[in-house]
Amino acid sequence: MPLLEVKNLQVRVEEREILHGLSLTVNEGEVHAIMGPNGSGKSTLSHVIAGKPGYEVTGGEILFKGEDLLAMSPDERAAKGVFLAFQYPVEIPGVATMTFLRTALNAQRKARGEPELSTPDFLKKVRSVAASLNIPQEMLRRGVNVGFSGGEKKRNEVLQMALFEPSICILDEMDSGLDIDALRIAADGVNALRSQGRAMVVITHYQRLLNYIVPDYVHVMSKGRVVKSGGKDLALELEESGYAQFEDQAA
Amino acid sequence: MPAELETVERVRRIDVDQYRYGFETIIESDKAPKGLSEDTVRFISAKKNEPAWMLEWRLEAFRRWQTMQEPEWARVSYPKIDYQDVYYYSAPKKKPELASLDEVDPEILKTYEKLGIPLREQEVLAGVVRPEGERRVAVDAVFDSVSVATTFQKELKEAGVIFMPISQAIREHPELVQKYLGTVVPTSDNFFATLNSAVFSDGSFVYLPPGVRCPMELSTYFRINERNTGQFERTLIIADKGAYVSYLEGCTAPQRDENQLHAAVVELVAHDDAEIKYSTVQNWYPGNSEGKGGVYNFVTKRGDCRGKNSKISWTQVETGSAITWKYPSCILRGDNSRGEFYSIAISNGFQQVDSGTKMIHLGKNTTSRIISKGIAAGKSQNTYRGLVSAHRKATGARNFTACDSLLIGDKCGAHTVPYVEAKNSSALFEHEATTSKISEDVLFYCVQRGLSQEEAVGLVVNGFVKDVLQQLPMEFAVEAQKLISISLEGSVG
C-alpha cells in the first residue's frame with residue numbers, strides 16, 4: 001500500500017480552480033521533488049494535504065496509509081504523521097518555543113492514545129535534536145520564531161520534524177529566504193531524517209535545493225497538473241531548459 | 001440524591017452546561033424579604049449584631065442612594081434592574097461558628113471540590129502538615145454572604161495580622177473599622193458603591209500592624225449561590241507603615257437563568273513604605289449561548305497610597321459575568337508612591353466588559369504602570385476605559401500605559417477609551433495601544449503541529465497575556481491559565 005496517494009485531485013479557491021486533476025503516489029522511504037513555476041499549484045497541493053482552510057476540494061481523493069485524509073481535521077492529520085514545513089513559519093509572541101514543542105508533541109501523542117512524555121524525557125529529546133541542528137538552548141526559551149532569522153526559523157521547522165517523527169514531511173519552498181550556509185544546515189537536518197519508513201515531498205522552485213536534498217523522483221507541475229515525472233536528472237534538465245516548454249504543454 | 005439529580009437535569013435542559021462551573025448547592029438559606037427599604041437595611045444590620053453607629057452609617061448611605069441615578073456612561077447595555085425585585089441578604093441557615101474547616105457543611109466543601117479549588121483546603125482538612133517554609137494560603141471562605149470558615153487564624157494572630165470577616169471586625173475592632181471604612185470609597189462615591197454601603201452583607205477585613213510582613217498569601221473565594229440574591233461584598237485592607245500583604249480573590253458562580261446583581265466595594269489603604277498586592281480571578285456565570293442570564297458585576301475597587309513610598313498593585317483576570325463594570329484604581333497621595341494595574345479581560349458569547357483603571361497622581365514623584373490585555377471573542381464587546389491624571393502638585397509624575405486588544409472572529413468589538421490629564425508640566429505620561437486579530441495563519445500553524453483548534457487559541461491567547469499572568473502569584477497563574485482556555489471554548493470554528 002502506498003503511503004500517500006493523491007488521485008485526480010481538483011481544488012478550487014473562491015470559485016477558481018487551481019488543481020485540475022492532480023495525481024501523485026508516494027511510497028514509504030521515497031523522496032519526491034515537486035517543481036514548477038510560480039502559480040503552478042505547488043503550495044496549494046501542500047496546503048490541501050495538510051488541511052489548511054480556504055480550499056474547496058471538488059473532485060478526487062487523498063489516501064494516507066489507505067485512509068481518507070480529506071475527512072480528517074488538520075490536527076488529526078498531524079497526529080497520523082503528516083508534517084508540513086512552512087515556507088513562512090509564523091511567529092507566536094509570548095509562547096516559549098519549548099512550551100510550544102511540548103504542547104504539540106503531547107497533543108499528538110494523546111491523539112494517538114500514547115502517554116505524555118515526562119519532562120526529563122522530553123528535555124533530553126529536545127536537547128539532543130537541538131544540538132544536532134546547531135540550535136542554542138537560548139533560542140528555545142524565546143517566543144516561537146519571534147526575532148528568529150530566516151535560517152533559524154527553518155531550523156526550528158526541522159527541529160519539529162525531528163521531534164514529532166512524522167511519516168511524511170512536506171517541505172514547502174524550504175530554500176526561500178536562505179543563504180547557502182543556512183540552506184546547508186537545514187538540508188543536512190532533513191537528510192538526517194531520511195529513513196526507510198519516512199517519505200518526503202520537497203516542493204521547490206529552484207533546482208539548487210535538490211543538490212542538498214537529492215530526490216528519488218522529480219515531478220514537474222504546471223497549471224495545476226503534473227506534466228512530467230522522472231528521476232533526479234529531470235531537475236538538472238529543467239535547470240537548463242526552464243519551465244517554458246511545460247507551460248505550453250499544459251495549455 | 002434526587003434533588004441533586006433534578007438540579008443537574010434542569011441545568012441540562014436550559015442548555016447552559018457549557019459553563020463548567022455551573023451548579024447549585026442545596027443548602028437552606030435564611031434570607032431577607034425581596035426588595036430594598038430602610039427595614040431591609042435594619043434587618044441586615046440586626047442579623048449581623050451590628051453596633052448602632054454601623055446601622056446609622058448604612059442608613060445614611062441608603063438615604064443618599066435613593067436620590068442617586070444609575071450611571072449610563074459605560075459601553076454596556078442591559079435591561080433595567082428592578083432593585084425592588086432583588087434579595088439583599090441570604091445566609092446559610094446552619095449558622096456557622098467554626099474553629100476549622102472540618103465543621104463546614106459538607107455540601108459547601110463539595111462545591112469547592114467541583115470548582116477544582118480545594119487541594120490546599122483538603123490538605124488542611126485532612127490535617128496534612130506542610131513542610132516548613134512552604135508557601136501557604138489562608139482562606140477566609142465566603143459562601144454566599146457569610147464567611148463560614150477561617151483557617152490559619154492562629155498563625156496570623158501570632159504575626160499580629162487581623163484577617164477576619166468584616167462583620168466580625170465591626171464588632172471586635174470597631175476603632176479600626178470606623179477609622180478606615182469609607183475613607184477610600186466614600187458612601188457618596190457612586191450609585192453602586194452607595195448601594196453596597198447600605199446593604200453590604202460581608203467580606204474580608206485585613207489589618208497589618210506597622211512593619212509586619214504577612215507570612216502567607218491571603219485568599220478569599222466568593223460564590224454567589226442563592227437564586228436572585230444580590231451579592232454585596234465589602235473588603236477593607238489596611239497595611240500600616242512598612243507592612244506587606246498579598247491578597248488573592250477568586251470567584252466563580254453557579255449556573256442560573258436570571259440575572260444576578262453584584263456590587264462589591266474594595267478599599268485598600270497603604271501607609272508609609274507599605275505594599276499591598278491585590279489579585280483577582282473572576283469567573284462568574286457569563287450567561288448562556290443566547291446571552292440570557294449571567295452576573296451583572298458593578299464593582300468599585302480603589303486603593304489609597306496614603307503614605308510616602310507606598311505601593312498598591314492590582315492584578316485581575318476577568319473571564320466571567322454578563323456585564324463587567326470595574327475600574328480598580330490607585331490614589332497616589334504619598335510622595336514616591338506607586339500604583340500598578342495589570343489586567344486580562346476576556347469576553348466571549350454576549351459578554352460586555354467595560355473595565356480599566358484610574359491612576360490619580362497627587363504626590364511628588366509618583367509613578368504608575370498600566371498593562372491591559374483585552375480579548376474579545378464571539379459577539380462580545382470589550383472596552384478598556386482608563387484615566388491617568390497628574391494634579392498641580394504632582395511634580396515628576398510618571399505613567400506608562402500599554403493597552404493591547406486581541407479580536408477572535410469578526411462579530412466582536414474592542415474599544416479603548418483612555419483619558420489623560422496632566423496639570424503639572426513635569427508629568428511624563430506614555431500611552432501605547434494595539435489592536436490585532438488572531439491570525440488564521442497562526443492557528444493553522446498550531447493545528448498542523450497537532451493542537452486542536454481550541455488548544456491553539458488557548459495557547460496563542462496565553463502568549464498574548466503572558467506579561468500579566470507573570471504578575472499573579474504562582475498558584476493563581478496556573479489556575480488562570482486554565483481558566484483562559486476554558487473561557488474561550490467554542491470561540492472558533
Side-chain angles (χ1 to χ4, degrees), chain A residues 46-55 72-97 99-112 114 116 142-146 153 156-157 159-161 163-166 169-170 172, chain B residues 317 342-344 346 371-375 402 404-410 432 434-472 477-478 480-482 484-485 488-489 491-493:
Chain A
S46 69
H47 290 160
V48 172
I49 292 173
K52 186 173 182 175
Y55 296 91
M72 298 178 206
S73 64
D75 49 315
E76 285 170 339
R77 299 181 199 194
K80 291 263 181 204
V82 174
F83 184 93
L84 171 64
F86 283 63
Q87 180 176 7
Y88 302 111
V90 300
E91 298 184 2
I92 314 178
V95 179
T97 305
T99 308
F100 179 77
L101 297 177
R102 186 152 180 218
T103 310
L105 182 62
N106 282 332
Q108 291 194 19
R109 292 179 68 99
K110 202 174 138 201
R112 291 193 291 261
E114 296 164 12
E116 292 196 351
R142 278 193 267 159
V144 175
N145 292 323
V146 176
K153 283 182 183 173
N156 193 14
E157 294 292 281
L159 170 73
Q160 292 176 56
M161 214 188 288
L163 204 59
F164 302 153
E165 301 174 33
C169 307
I170 298 153
D172 191 6
Chain B
V317 178
Y342 298 99
S343 170
I344 298 169
I346 298 179
I371 308 287
S372 164
K373 305 276 184 178
I375 296 130
D404 298 323
S405 305
L406 186 68
L407 297 164
I408 301 174
D410 53 10
E432 289 177 5
T434 67
T435 302
S436 51
K437 222 180 145 218
I438 197 160
S439 121
E440 293 291 331
D441 286 346
V442 170
L443 289 183
F444 177 60
Y445 186 83
C446 295
V447 296
Q448 206 298 304
R449 300 299 143 92
L451 273 68
S452 70
Q453 193 82 357
E454 279 172 356
E455 287 169 328
V457 171
L459 190 80
V460 172
V461 170
N462 271 304
F464 175 73
V465 300
K466 192 178 155 210
D467 299 349
V468 174
L469 275 186
Q470 281 173 340
Q471 298 296 329
L472 285 173
V478 175
Q481 203 166 346
K482 281 190 200 138
I484 288 167
S485 303
L488 288 168
E489 273 174 14
S491 62
V492 287

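In this text, all values refer to a predicted model and were calculated from it rather than measured experimentally. A, B, ... follow the sequence lines: proteins, then strands. Residue 1 opens every chain. What you see below is based on every heavy atom in this structure, not just the backbone, and it leaves out hydrogens, waters and symmetry mates.
The aromatic rings of H47(A) and F444(B) sit perpendicular, their planes meeting at an angle over 60°, well past the 30° parallel limit.
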Can you list the steps and then say if I92(A) with C446(B) is a side chain to side chain contact (heavy atoms under 4.5 Å, CB included)? CA-CA 10 Å; I92(A) 314 178; C446(B) 295; 3.7 Å; yes

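Both the backbone and the side chain of F86(A) come within contact range of chain B, judged by heavy atoms closer than 4.5 Å. Contacts between A50(A) and chain B at a heavy-atom distance below 4.5 Å involve backbone atoms as well as side-chain atoms. There is no contact between P166(A) and chain B, counting heavy-atom distances below 4.5 Å. Both the backbone and the side chain of Q448(B) have a heavy atom closer than 4.5 Å to some heavy atom of chain A. Contacts of Y445(B) with chain A are made by both backbone and side-chain atoms, with heavy-atom separations under 4.5 Å.
Interatomic distance, E91(A) CD to S439(B) OG, rounded to the nearest 0.5 Å: 11.0 Å. To the nearest 0.5 angstrom, D441(B) atom CG is 12.0 Å from Y88(A) atom OH. The CG atom of N462(B) sits 9.5 Å away from atom OG1 of T103(A), with the distance rounded to the nearest 0.5 Å. Atoms CG and CZ, from L105(A) and R449(B) in turn, are 12.5 Å apart once rounded to the nearest 0.5 Å.
Sparse packing is recorded around CD of E440(B), with 12 or fewer heavy atoms of other residues, nucleotides or ligands lying under 6.0 Å away. More than 12 heavy atoms of other residues, nucleotides or ligands sit less than 6.0 Å from atom NZ of K52(A).
Minimum interatomic distance between A78(A) and G450(B) (heavy atoms only, all atoms of both residues): CB-N, 3.6 Å.
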